[in-house]
Undergrad: 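Structure in structure tokens, see below.
When a ligand or atom number is given, it counts from 1 through the structure's own listing order.
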Amino acid sequence: MNAAAVEYELVAGIETHVQLDTKTKMFCACAVRFGAPPNSLTCPVCLGHPGTLPNLNRKALELGLRAAVALGCTIATRTKFDRKNYYYPDLPKNYQISQFDVPLATGGGIEVTTKSGARRVRIHRAHLEEDAGKLIHEEAGNRSFVDLNRAGVPLLEIVTEPDIRSADEAHAYLTSLKAILRAAGISDCDMEKGELRCDVNVSLRPKGTEALGVKTEVKNLNSFRFVKMAIEAEFKRHKAELEAGRRIVQSTLLFDSEKNETRLMRVKEGAVDYRYFPEPDLPPLEISTDEIEAVRRALPELPAAQKARFQREYGVGEYEADLLSSDRSVAAFFESAAKSSGKAKSAANWIVNEIARILNERNLTLESSKLTPASLVEILGLIDAGIVTAASAKEALARSAETGRSPAEIVRESGMATVTDSAAIEKSVDTVIAANPKAVADFKGGKDATIKFLVGQVMKATQGRVKAQAAEELLRRKLTGA
Ligand code: ZN
Ligand code: MN
């Protein structure tokens with residue numbers, strides 16, 4: 001059989017650890033805060049001192065429940081915590097309190113849309129567990145340090161079924177998951193703060209077959225882009241191995257984003273035995289259907305419903321509605337601007353185009369920029385009143401994003417207002433005509449498209465403060481003598 005003729009299909013699953021947005025840790029009263037001095041947020045409980053007892057943070061359970069409901073999972077009416085035993089320097093108790101055979105939630109899923117269509121990524125399970133500490137390796141000194149501020153921080157581990165068939169689908173799944181978790185106030189999902197971490201399982205199988213191939217796991221991916229790159233790299237590597245007639249070895253890998261390749265961390269020799277057993281210091285949890293219903297009723301609008309409402313209520317296009325509903329702060333910004341300006345479509349346009357560009361170029365988010373819905377409303381008003389051209393409006397908005405100053409003020413102070421004085425426009429038009437004899441001759445010779453170039457020159461000379469339409473009209477009048 002010619003192995004190279006086989007067409008392979010990607011089969012991937014994702015495990016996501018999401019930090020639940022609580023003020024204190026899962027089993028003690030220590031504060032949860034990013035960037036605090038090492039080991040300043042610790043106590044005997046999270047340091048694993050003998051004789052201490054864990055005490056469940058109800059808020060962590062509530063947020064876990066909310067996530068499970070938002071993801072359409074089935075919630076266990078009786079669940080429990082278990083000890084996952086292993087030895088590692090970032091784990092002072094030598095066990096992690098997690099959930100083993102009776103997770104908080106099973107089933108559910110997320111609808112994802114990519115270029116190849118819509119598919120459902122099913123959720124296998126979601127369980128509560130505590131985070132471990134963090135090891136900091138000092139390369140120069142060949143030393144390592146332990147910071148236990150993160151030990152005991154509440155997490156929800158969300159595991160999908162192996163339903164993902166492309167790197168794009170993995171990206172779409174994570175984007176939707178993040179949007180849902182943020183919209184429902186479950187987690188900020190700030191990956192730079194480690195609030196969302198992903199492990200990806202990858203295997204290949206000949207297209208059209210059902211049995212799963214041998215999988216490898218890429219650990220600790222801290223950006224959606226790296227998830228995509230790691231899946232693509234693993235697909236290529238598996239394919240090359242299989243085509244060379246070699247077998248895939250079940251293993252755990254790390255992704256090197258600079259080399260764009262995976263690196264072996266350890267080979268799995270049989271399943272690791274964590275010797276799970278029920279946590280004796282925490283009673284099992286009973287979750288009533290009333291409780292679940294209350295969580296369901298209190299759930300805020302989720303991105304999919306919001307997207308549909310933006311299309312219906314504001315007449316926004318599907319593409320715009322999708323982008324606007326993909327993040328709660330963008331959605332809130334849009335709705336506020338749409339309501340107070342009464343110009344929903346323009347507001348949507350400006351947000352998905354200009355504002356996205358401004359933020360992108362400055363490496364800002366809507367939250368970290370100084371833009372407010374009020375500044376966008378001002379801009380839309382200035383354009384409508386003919387006070388600024390689109391070019392000047394963009395410039396004023398960009399400056400407002402950096403300084404937080406009112407766009408109207410920026411326009412007034414920096415003389416960006418549209419030149420409506422006809423003598424001034426005429427002067428620029430005359431200058432442009434005099435300076436571009438070739439283009440003028442071309443236009444007069446019948447090349448009508450040359451007018452666009454001349455209009456561009458007028459715009460350039462006036463720094464975009466003249467309305468293109470006014471410039472074109474005047475140019476035509478002067479050049480045709482009409
Ligand atoms: Zn503590
Ligand atoms: Mn875990």
Side-chain angles (χ1 to χ4, degrees), residues 13-20 22-34 36-60 63-64 67-68 79-88 90-106 123-135 146-160 174 177 181 186-187 189 191 194-201 217-222 252 254 265-266 268 271-276 279 281-282:
I14 300 183
E15 281 179 34
T16 311
H17 284 89
V18 174
Q19 182 179 324
L20 300 170
T22 57
K23 291 196 171 63
T24 57
K25 292 188 182 179
M26 197 159 197
F27 301 113
C28 63
C30 289
V32 173
R33 205 167 63 240
F34 182 79
N39 300 304
S40 61
L41 308 174
T42 55
C43 75
V45 175
C46 55
L47 290 174
H49 288 190
T52 55
L53 290 170
N55 197 344
L56 178 64
N57 180 344
R58 299 297 300 189
K59 184 75 186 175
L63 292 175
T79 182
K80 68 182 172 73
F81 288 101
D82 300 278
R83 289 190 182 179
K84 180 181 182 178
N85 299 278
Y86 65 95
Y87 175 77
Y88 207 66
D90 66 5
L91 189 74
K93 295 198 295 275
N94 288 337
Y95 61 83
Q96 175 193 32
I97 302 181
S98 180
Q99 297 194 285
F100 182 49
D101 51 340
V102 198
L104 175 69
T106 52
I123 287 166
H124 174 61
R125 60 180 279 160
H127 68 256
L128 294 163
E129 63 183 29
E130 58 177 339
D131 206 350
K134 189 181 175 193
L135 294 181
V146 189
D147 176 6
L148 294 172
N149 283 351
R150 226 170 64 184
V153 165
L155 303 176
L156 185 70
E157 180 178 328
I158 303 164
V159 184
T160 73
L174 289 168
L177 177 66
L181 296 171
I186 292 156
S187 175
C189 302
M191 296 186 87
E195 294 172 354
L196 195 156
R197 280 127 51 195
C198 305
D199 304 334
V200 181
N201 290 304
E217 186 177 20
V218 189
K219 284 266 185 203
N220 272 329
L221 295 157
N222 59 3
T252 303
L254 289 176
M265 197 169 137
R266 59 175 181 260
K268 257 195 185 146
V272 186
D273 186 4
Y274 290 114
R275 211 171 53 87
Y276 279 99
E279 166 59 61
D281 294 334
L282 288 166

Undergrad: Can you find a heavy atom in the side chain of Glu129 that is under 4.5 Å from one in the side chain of His17?
TA: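 The answer is yes, as the side chains (C-beta and beyond) meet within the 4.5 Å cut-off.
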
Undergrad: Could you give the distance from CG (Leu177) to CD1 (Ile158), rounded to the nearest 0.5 Å?
TA: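 Separation between the atoms: 5.0 Å.
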
Undergrad: Is the Phe100 ring parallel, tilted or perpendicular to the Tyr276 ring (thresholds 30°, 60°)?
TA: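 The arrangement is parallel - the two ring planes meet at less than 30°.
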
Undergrad: Quick one: the SG of Cys28, the Zn ion (ligand 1), SG of Cys43 angle, rounded to 10°, please.
TA: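 Roughly 110°, rounded to 10°.
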
Undergrad: To 10 degrees, how wide is the angle OE1 (Glu157) to the Mn ion (ligand 2) to NE2 (His17)?
TA: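 Output for this angle: 90°, rounded to tens.
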
Undergrad: If I take the Zn ion (ligand 1) as the centre, what angle separates the SG atom of Cys30 from the SG atom of Cys46? Nearest 10 degrees is fine.
TA: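 Nearest ten degrees: 110°.
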
Undergrad: Can an N, O or S atom be found in His127 less than 2.8 Å away from the Mn ion (ligand 2)?
TA: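 Short answer: no, not a single N, O or S atom is under the cut-off.
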
Undergrad: Is there a side-chain contact (heavy atoms from CB on, under 4.5 Å) between Gln96 and Tyr274 once you walk through the steps?
TA: CA-CA 10 Å; Gln96 175 193 32; Tyr274 290 114; over 6 Å; no

Undergrad: Any chance you could measure Arg197, atom CZ, to Met191, atom CE, to the nearest 0.5 Å?
TA: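 So the gap between those two atoms works out to 10.0 Å.
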
Undergrad: Check all N, O or S atoms of Glu129 and name the one closest to the Mn ion (ligand 2).
TA: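 Minimum-distance N/O/S atom of Glu129 relative to the Mn ion (ligand 2) is OE2.
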
